[in-house]
8 protein chains.
Amino acid sequence: MRWDRLGSVSDLTRTADIGVARLDVDRAARTGTPEVVFAGGKTPAETVACLAGLLDAGAELAWATRVDAPTAAAVLARWPAATVDPVARVAWVGTPPPPVGQVLVLTAGTSDGAVAAEVAATLTASGVGCRRVDDVGVAGVHRVLAVAPDIAAADAVVVVAGMDGALPSVVAGLTDRLVVAVPTSVGYGAAFEGLAALLTMLTACAPGVLVVNIDNGFGAGVAAARIARSAHR
Amino acid sequence: MRWDRLGSVSDLTRTADIGVARLDVDRAARTGTPEVVFAGGKTPAETVACLAGLLDAGAELAWATRVDAPTAAAVLARWPAATVDPVARVAWVGTPPPPVGQVLVLTAGTSDGAVAAEVAATLTASGVGCRRVDDVGVAGVHRVLAVAPDIAAADAVVVVAGMDGALPSVVAGLTDRLVVAVPTSVGYGAAFEGLAALLTMLTACAPGVLVVNIDNGFGAGVAAARIARSAHR
Amino acid sequence: MRWDRLGSVSDLTRTADIGVARLDVDRAARTGTPEVVFAGGKTPAETVACLAGLLDAGAELAWATRVDAPTAAAVLARWPAATVDPVARVAWVGTPPPPVGQVLVLTAGTSDGAVAAEVAATLTASGVGCRRVDDVGVAGVHRVLAVAPDIAAADAVVVVAGMDGALPSVVAGLTDRLVVAVPTSVGYGAAFEGLAALLTMLTACAPGVLVVNIDNGFGAGVAAARIARSAHR
Amino acid sequence: MRWDRLGSVSDLTRTADIGVARLDVDRAARTGTPEVVFAGGKTPAETVACLAGLLDAGAELAWATRVDAPTAAAVLARWPAATVDPVARVAWVGTPPPPVGQVLVLTAGTSDGAVAAEVAATLTASGVGCRRVDDVGVAGVHRVLAVAPDIAAADAVVVVAGMDGALPSVVAGLTDRLVVAVPTSVGYGAAFEGLAALLTMLTACAPGVLVVNIDNGFGAGVAAARIARSAHR
Amino acid sequence: MRWDRLGSVSDLTRTADIGVARLDVDRAARTGTPEVVFAGGKTPAETVACLAGLLDAGAELAWATRVDAPTAAAVLARWPAATVDPVARVAWVGTPPPPVGQVLVLTAGTSDGAVAAEVAATLTASGVGCRRVDDVGVAGVHRVLAVAPDIAAADAVVVVAGMDGALPSVVAGLTDRLVVAVPTSVGYGAAFEGLAALLTMLTACAPGVLVVNIDNGFGAGVAAARIARSAHR
Amino acid sequence: MRWDRLGSVSDLTRTADIGVARLDVDRAARTGTPEVVFAGGKTPAETVACLAGLLDAGAELAWATRVDAPTAAAVLARWPAATVDPVARVAWVGTPPPPVGQVLVLTAGTSDGAVAAEVAATLTASGVGCRRVDDVGVAGVHRVLAVAPDIAAADAVVVVAGMDGALPSVVAGLTDRLVVAVPTSVGYGAAFEGLAALLTMLTACAPGVLVVNIDNGFGAGVAAARIARSAHR
Amino acid sequence: MRWDRLGSVSDLTRTADIGVARLDVDRAARTGTPEVVFAGGKTPAETVACLAGLLDAGAELAWATRVDAPTAAAVLARWPAATVDPVARVAWVGTPPPPVGQVLVLTAGTSDGAVAAEVAATLTASGVGCRRVDDVGVAGVHRVLAVAPDIAAADAVVVVAGMDGALPSVVAGLTDRLVVAVPTSVGYGAAFEGLAALLTMLTACAPGVLVVNIDNGFGAGVAAARIARSAHR
Amino acid sequence: MRWDRLGSVSDLTRTADIGVARLDVDRAARTGTPEVVFAGGKTPAETVACLAGLLDAGAELAWATRVDAPTAAAVLARWPAATVDPVARVAWVGTPPPPVGQVLVLTAGTSDGAVAAEVAATLTASGVGCRRVDDVGVAGVHRVLAVAPDIAAADAVVVVAGMDGALPSVVAGLTDRLVVAVPTSVGYGAAFEGLAALLTMLTACAPGVLVVNIDNGFGAGVAAARIARSAHR
């Protein structure tokens with residue numbers, strides 16, 4: 001066997017070297033999700049260069065996460081029609097595909113809102129419908145039960161929670177939908193910046209809970225979008 | 001000021017040196033709970049000697065925890081009328097006071113039963129009533145709601161849970177009773193022998209949750225007994 | 001069985017959706033403690049909105065913790081008669097119930113004062129009397145013995161300590177009162193921001209010690225208030 | 001609002017109290033997965049009792065995980081036609097539904113086989129097709145590329161890996177299928193019984209990776225089955 | 001400068017290569033403590049060979065720690081006059097120097113006895129007097145105060161404690177003697193095999209506390225012996 | 001037995017309540033070291049008040065650690081003759097006792113200098129002589145050997161080291177002096193803010209090493225001063 | 001670009017599927033080290049099958065690590081001329097290449113011997129010369145200096161150490177040879193099964209230290225062999 | 001044996017005491033790498049003094065790492081011809097030796113660039129050739145395969161990666177070159193500031209991976225330079 005007989009991915013290996021980065025141009029074709037620019041460790045100019053490089057290579061939607069205010073300004077200066085969500089810290093140039101399906105995004109508390117916004121923006125950019133219901137933590141468990149019809153109507157549920165991270169366990173016991181659990185760094189002391197919630201979700205007493213990294217709204221959104229698209233294929 | 005002017009505890013300082021231990025004879029008078037023998041690191045003979053020493057010093061009830069089978073046999077050989085609970089791993093010689101009040105002991109799953117049994121035995125030995133309802137984990141949250149009348153009737157609630165340790169958060173949102181939370185070492189992997197449940201309980205999103213050490217049914221029972229006795233004083 | 005046969009909590013499930021939050025309006029009726037606004041992750045405007053929402057829903061006392069200076073100013077601008085404690089970082093609008101009972105709040109050192117202030121403010125807001133004695137760490141154990149009369153006069157004892165967190169073990173050996181132990185993040189190096197004190201308190205060699213999260217003065221205050229009210233019911 | 005207006009789950013709350021456990025009889029109807037008996041902390045007799053209880057309540061398939069040899073023998077003694085997989089440590093009584101769809105299960109090394117077997121058995125019991133390809137770790141990355149056609153043909157991919165846990169990152173970069181990553185406790189030293197692989201998978205540089213607890217083949221199987229069934233609904 | 005001008009230690013560098021080990025023959029002359037055989041990872045024959053090698057090289061006392069029963073038997077078979085302490089797990093051949101000074105060894109509980117025995121044996125072998133008082137944990141703090149005269153009479157105090165490890169903080173507040181603190185692995189759950197006690201001792205709120213490794217009675221004994229000898233030089 | 005029969009410490013229990021603190025006035029008489037003000041968590045005014053309170057109570061030397069620039073200025077404003085060491089962050093009012101004995105303070109690297117300065121200032125304030133030799137890390141082990149004469153001339157050795165923390169092990173193998181090891185937070189990455197050095201020192205392969213908290217130059221100085229004074233009593 | 005233009009590795013991708021494993025037959029050609037069988041998680045029959053598969057595929061030397069006694073017996077039963085090292089737990093069938101170069105393997109203590117034996121066996125199997133010097137820990141640092149001529153004569157140095165793991169820092173300060181550091185799980189308490197030594201080595205104050213996993217003698221041997229061969233190419 | 005008979009290193013022990021540091025002047029002669037100034041914890045003036053001291057002692061190249069902007073300015077003010085790399089935070093005075101050999105430096109992502117720059121600068125200063133290829137993370141594994149010719153042409157490969165740290169495992173499976181793995185603190189949440197990548201690299205499933213501290217580009221560069229020079233000796 002040789003590398004060229006390794007299957008259908010073999011001709012989706014183009015890269016674009018733009019100096020500041022080596023863009024994985026075929027990632028959308030290979031994986032359904034384009035290379036998304038993580039603006040976190042980059043200057044505004046670098047993020048703009050990456051977005052431009054992706055558009056030059058033919059992307060219909062070029063997209064960045066962890067976008068702070070200066071970067072947002074730089075993106076809007078270059079592309080006045082760009083979309084920027086300052087809470088989600090997400091920006092994109094171009095038009096997302098029309099939405100299919102629907103993902104329900106729940107938060108345990110108000111402080112989990114920024115991460116939930118990143119989930120929602122990721123779903124929109126991925127062409128998947130999103131419904132958010134906030135502040136349904138288990139300290140008032142009737143709030144969870146009240147969203148049962150919303151859960152039943154969704155293709156998947158993303159649950160965003162910090163502190164004790166107990167919400168996914170309760171939701172997963174109510175539904176046959178997959179629960180994508182996002183621990184957040186909300187809390188103090190023994191919350192250990194999200195570690196408590198992460199461990200809670202990994203050891204959830206109900207099956208059907210899948211976990212992403214602390215504060216990783218982007219990853220949860222990509223995963224939920226794949227589940228929704230798969231159900232509407 | 002001198003030590004002898006330090007208040008009412010000053011004449012409750014007798015000890016009994018029995019060689020294998022220095023018994024704190026006045027602990028029951030000082031704290032309401034006698035020195036209880038932790039049989040864990042002791043030989044059967046040492047545990048028997050400690051119980052005998054406490055009885056010699058006038059205790060009405062001499063009591064040991066973490067009692068394994070050989071120690072239980074040694075206790076029964078010496079005091080045929082002793083009470084031994086092999087699941088709770090508790091043994092005592094003498095008669096507990098008649099029960100006052102009632103504490104509700106909940107478990108999240110069947111595997112938490114041994115710790116719950118230690119709670120129950122501690123309550124009994126402390127002269128407090130106990131009602132147990134097992135297997136009401138949040139994966140079927142209706143089971144929690146179903147015990148709401150029991151919660152309302154109790155002086156305090158002890159919640160025993162391993163894995164995600166999510167049950168105390170839900171219970172505390174339903175009641176004005178104090179919730180004494182006992183994380184257990186039940187689980188595997190990211191449960192880290194009770195650490196996950198411990199952190200969950202410490203960061204519970206509802207106030208009114210107080211936490212003891214992992215698998216510490218004895219400590220939870222003592223605390224709940226004090227709450228109950230205080231309510232019926 | 002159906003959800004509506006789940007007991008007395010079933011009609012205490014109102015929520016008020018005020019946009020920025022979904023207020024659990026019946027929490028005070030259900031649990032004895034109202035939903036208290038955690039101002040930590042909120043803007044001053046959001047905290048004010050939450051307090052207003054709670055008052056609109058009929059709360060006699062609307063209350064926030066982790067209140068910084070700008071939020072305190074915003075609260076006072078809206079309600080000039082509000083009470084603000086800048087050390088405890090607590091604010092409330094309305095009048096707390098008249099105090100019943102008494103809780104003793106001890107600190108190991110001066111640096112634990114802010115957390116103890118949060119305990120005290122929580123007790124006051126909860127309608128429970130509070131007596132504070134500061135700086136009684138075990139390095140001068142006679143200071144602990146000197147408060148024995150205060151301990152004997154209290155319904156419960158809250159012990160606030162950082163660094164080695166040894167004070168609750170000593171106090172619990174002197175009394176039949178419950179000890180609510182609050183580890184603080186005071187210290188450096190191997191104190192690991194409160195972890196050392198937390199582990200010490202969880203493994204206290206005397207029973208009767210119950211633990212809350214690091215720096216969680218609010219949780220300790222709520223719990224101690226319930227014990228005191230239960231003793232004076 | 002009252003509990004009985006909380007949506008479609010409200011009449012799926014039956015439980016069966018069989019003494020040793022409180023079976024959540026409607027869990028299959030509510031969540032698509034029945035209550036599965038975790039034989040880990042139970043005696044053979046207790047596991048048999050639970051399986052019998054589920055069958056008595058009408059289950060078409062009663063099912064246990066973490067089944068050791070004595071428990072397997074007890075199950076076969078009671079139900080000679082039961083299915084037992086000693087590597088996966090899974091047993092069931094009854095006939096699984098006919099398989100729909102297909103999930104690809106990959107292992108990084110031979111030692112990950114037992115966990116992969118639990119994934120496969122869970123898929124079979126859930127009525128979903130399964131294809132396993134073992135020993136495709138990234139130390140010979142051509143082995144990963146060689147399974148690209150299998151990945152393309154699957155509804156979802158479960159990747160089971162210990163030690164460095166690097167395989168899911170590579171697989172997720174090749175496909176638009178969801179990758180369910182299962183860290184295993186295989187390894188020594190800095191593998192820290194699966195912690196290294198767990199952290200690797202949570203921080204995977206490619207999106208589309210969702211993580212379950214260490215050695216949790218059951219949870220991964222349930223999740224992958226839901227994805228596959230959702231795609232073939 | 002060259003190595004040979006590096007001071008008075010330069011001619012204390014003999015080693016004896018006995019195959020199974022490379023004995024540091026001059027260690028007693030250099031450091032006041034001979035190379036002591038750690039029998040933990042060695043066969044009985046290896047420990048005997050090491051002891052013989054030290055005696056052959058002129059040692060007046062050859063000495064081993066962590067001696068289990070088979071090793072003790074092998075030592076006694078070779079040297080019938082050897083001294084073996086099965087609780088301390090220490091054995092030696094030869095006669096220790098006559099004792100000077102006195103070190104007080106305190107334990108918090110009976111379970112700390114084996115470590116305290118290793119401290120005591122080390123002191124004896126080092127030619128320093130030892131007085132032990134056991135079971136003076138802070139849950140009955142009067143027991144600590146009762147040993148104040150013993151503390152005042154000692155050259156140094158070794159405090160052995162597991163679980164919360166709070167005893168050294170209290171002792172150090174009572175005396176100008178150095179406190180050598182030995183955390184033990186006694187306890188369960190959040191004791192984390194001695195970690196809780198170790199952190200407590202490192203963060204002791206009283207100065208004058210010096211810490212050794214968990215269960216390291218040998219190291220504590222060597223250190224205390226040096227303090228005592230230094231005071232009587 | 002009663003508290004007043006608890007020995008010679010019983011009349012050394014005065015405290016001075018100055019509002020901001022409860023000063024342990026007799027600590028110097030009891031322990032040889034006065035209560036030293038930890039300025040870390042205090043305002044300049046609070047530190048000044050504590051120092052004044054100690055002087056009012058008769059202290060010959062009032063002393064604070066972790067003194068930052070504003071606090072140093074406040075001390076000097078109140079007592080122009082005060083001594084301030086800005087590197088050690090130590091200040092005192094009054095005159096230390098004349099020095100007896102000598103402690104050698106070694107650092108592994110230049111970055112450990114601030115902690116070593118705190119050791120040195122503590123020794124001076126305690127009336128013990130101090131000699132410092134810096135930058136003798138084991139990467140150039142001849143530098144360690146070169147200080148052998150200094151080690152031989154000292155009453156005790158304090159070794160201050162960050163990163164790998166290996167220096168105490170080497171020093172302890174060269175001398176019969178006690179080695180007080182101070183791990184520092186110098187380093188990055190796997191140094192984990194001093195944890196690596198702390199563990200190294202606790203597991204030192206040579207006996208005679210005693211460990212204090214990370215960056216705790218004060219504690220090391222107090223301990224070394226006691227050793228030195230004990231040798232010159 | 002396509003996979004088949006990815007360079008010289010492209011035709012070294014054969015695998016042999018022997019049922020129990022998928023052997024990476026070309027690994028020796030690609031990486032200079034064949035696939036070595038990790039016998040740890042395998043039955044004796046599986047290890048024998050893997051070795052046979054490698055020989056069938058043309059390997060001149062088939063080789064297994066972590067070989068316990070039953071597996072060693074099974075290997076010798078199948079290939080009576082096989083080489084088995086019971087201390088190193090290594091077995092091989094065939095003849096290693098003649099040795100080139102020389103690697104020096106140092107241990108800090110006798111207990112590190114088994115890991116050092118695995119290093120030595122790996123070097124021999126890799127066709128590289130090996131010289132071992134044991135028991136040269138830094139508690140007698142003259143022992144380290146005494147091996148300076150051996151260090152100077154070696155192509156690389158492997159240092160095996162547990163407990164404080166301080167030896168590599170000292171060795172690296174003496175030589176321009178690379179130091180491959182192997183932390184071992186030797187020790188107790190704060191050694192945390194090799195974690196202390198691992199952190200020490202990662203933070204070594206001398207450059208030129210490279211670290212492998214705890215107890216990973218095989219990895220250290222492979223790396224040192226590559227350095228030695230590279231120097232003699 | 002005496003220290004002066006300890007081998008060839010014995011006359012390479014000069015130090016230069018410049019007040020702020022004790023320079024190990026012969027380190028270059030002993031180890032092939034001079035003492036390099038870690039500017040991290042030093043003032044600009046101290047770093048300049050150290051560089052001057054090294055030049056005064058005859059160094060041909062005086063060199064500092066972790067150089068921030070003020071220090072860079074101070075170096076250039078003193079030596080206008082100095083070389084400063086602001087990304088690598090490295091500065092040197094003098095001319096590096098002409099390069100021999102070649103080391104390939106790979107990064108997984110753009111954010112790892114600063115650490116890779118430190119590796120490259122270290123190689124240049126060490127007189128070894130360097131080729132960098134950035135942004136070849138395993139999420140697009142074809143990018144790794146595309147550098148196979150570069151790997152084959154190199155004397156050693158340094159792989160710099162944060163987040164999951166999976167790249168070294170893949171590279172090591174493609175080559176017989178040693179892989180020096182540098183975990184970086186790039187990432188968030190469960191990346192735990194480089195811990196996840198560190199553990200991944202330590203447990204890499206392919207041998208030939210050697211690990212340095214998190215973000216330690218200097219250490220990786222020194223090690224790779226030694227390998228390259230050794231191959232071209």
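All of these numbers come straight from a predicted model, not from anything done at the bench. Letters A, B, ... mirror the listed sequences (proteins, then strands); counts begin at 1.
- Among all heavy-atom pairs drawn from E/L174 and F/T31, the shortest one is N-CG2, 4.3 Å.
- Between E/V212 and F/V211 the shortest side-chain heavy-atom distance does not fall below 4.5 Å.
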(request) Before giving the answer on side chain to side chain contact (heavy atoms under 4.5 Å, CB included), spell out for E/L198 and F/L202 the whole-Å C-alpha distance, their side-chain angles and the decisive distance to 0.1 Å. (result) CA-CA 10 Å; E/L198 173 63; F/L202 286 167; 3.8 Å; yes
(request) Using the side chain to side chain contact (heavy atoms under 4.5 Å, CB included) rule, take F/I227 and E/L178 through it: C-alpha gap first, then chi angles, then the decisive distance, then the call. (result) CA-CA 8 Å; F/I227 299 171; E/L178 274 178; 3.2 Å; yes
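- Note on residues 144-155 of chain F: pairs passing salt bridge (charged side-chain N to carboxylate O under 4.0 Å, His left out), not counting sequence neighbours, are F/R131-F/D150.
- The contact between F/A172 and chain E is made entirely by backbone atoms, counting heavy-atom distances below 4.5 Å.
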(request) Verify side chain to side chain contact (heavy atoms under 4.5 Å, CB included) between E/L210 and F/V180, making sure each step is shown before the conclusion. (result) CA-CA 8 Å; E/L210 295 166; F/V180 178; 3.9 Å; yes
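- Between F/R177 and E/R226 the shortest heavy-atom distance is O-NH1, 3.3 Å.
- Although no hydrogens or angles enter the test, the distance criterion places a donor-acceptor pair under 3.5 Å between the side chain of E/R30 and the main chain of F/G173.
- More than 12 heavy atoms of other residues, nucleotides or ligands lie within 6.0 Å of CD in F/E46, so this atom counts as buried by the packing criterion.
- Among F/P207, F/A204, F/A220, F/A224, the residue with the largest count of heavy-atom pairs under 4.5 Å with chain E is F/P207.
- For a residue to count as touching a neighbouring chain, one of its non-hydrogen atoms must lie under 4.5 Å from one of that chain's; by this rule F/F218 touches chain E with the side chain only.
- Taking NE2 of F/H232 as the reference point, atom OG of E/S230 lies at 8.0 Å (rounded to 0.5 Å).
- Counting heavy-atom pairs closer than 4.5 Å to chain E, the top residue among F/N216, F/V222, F/V179, F/V209 is F/V222.
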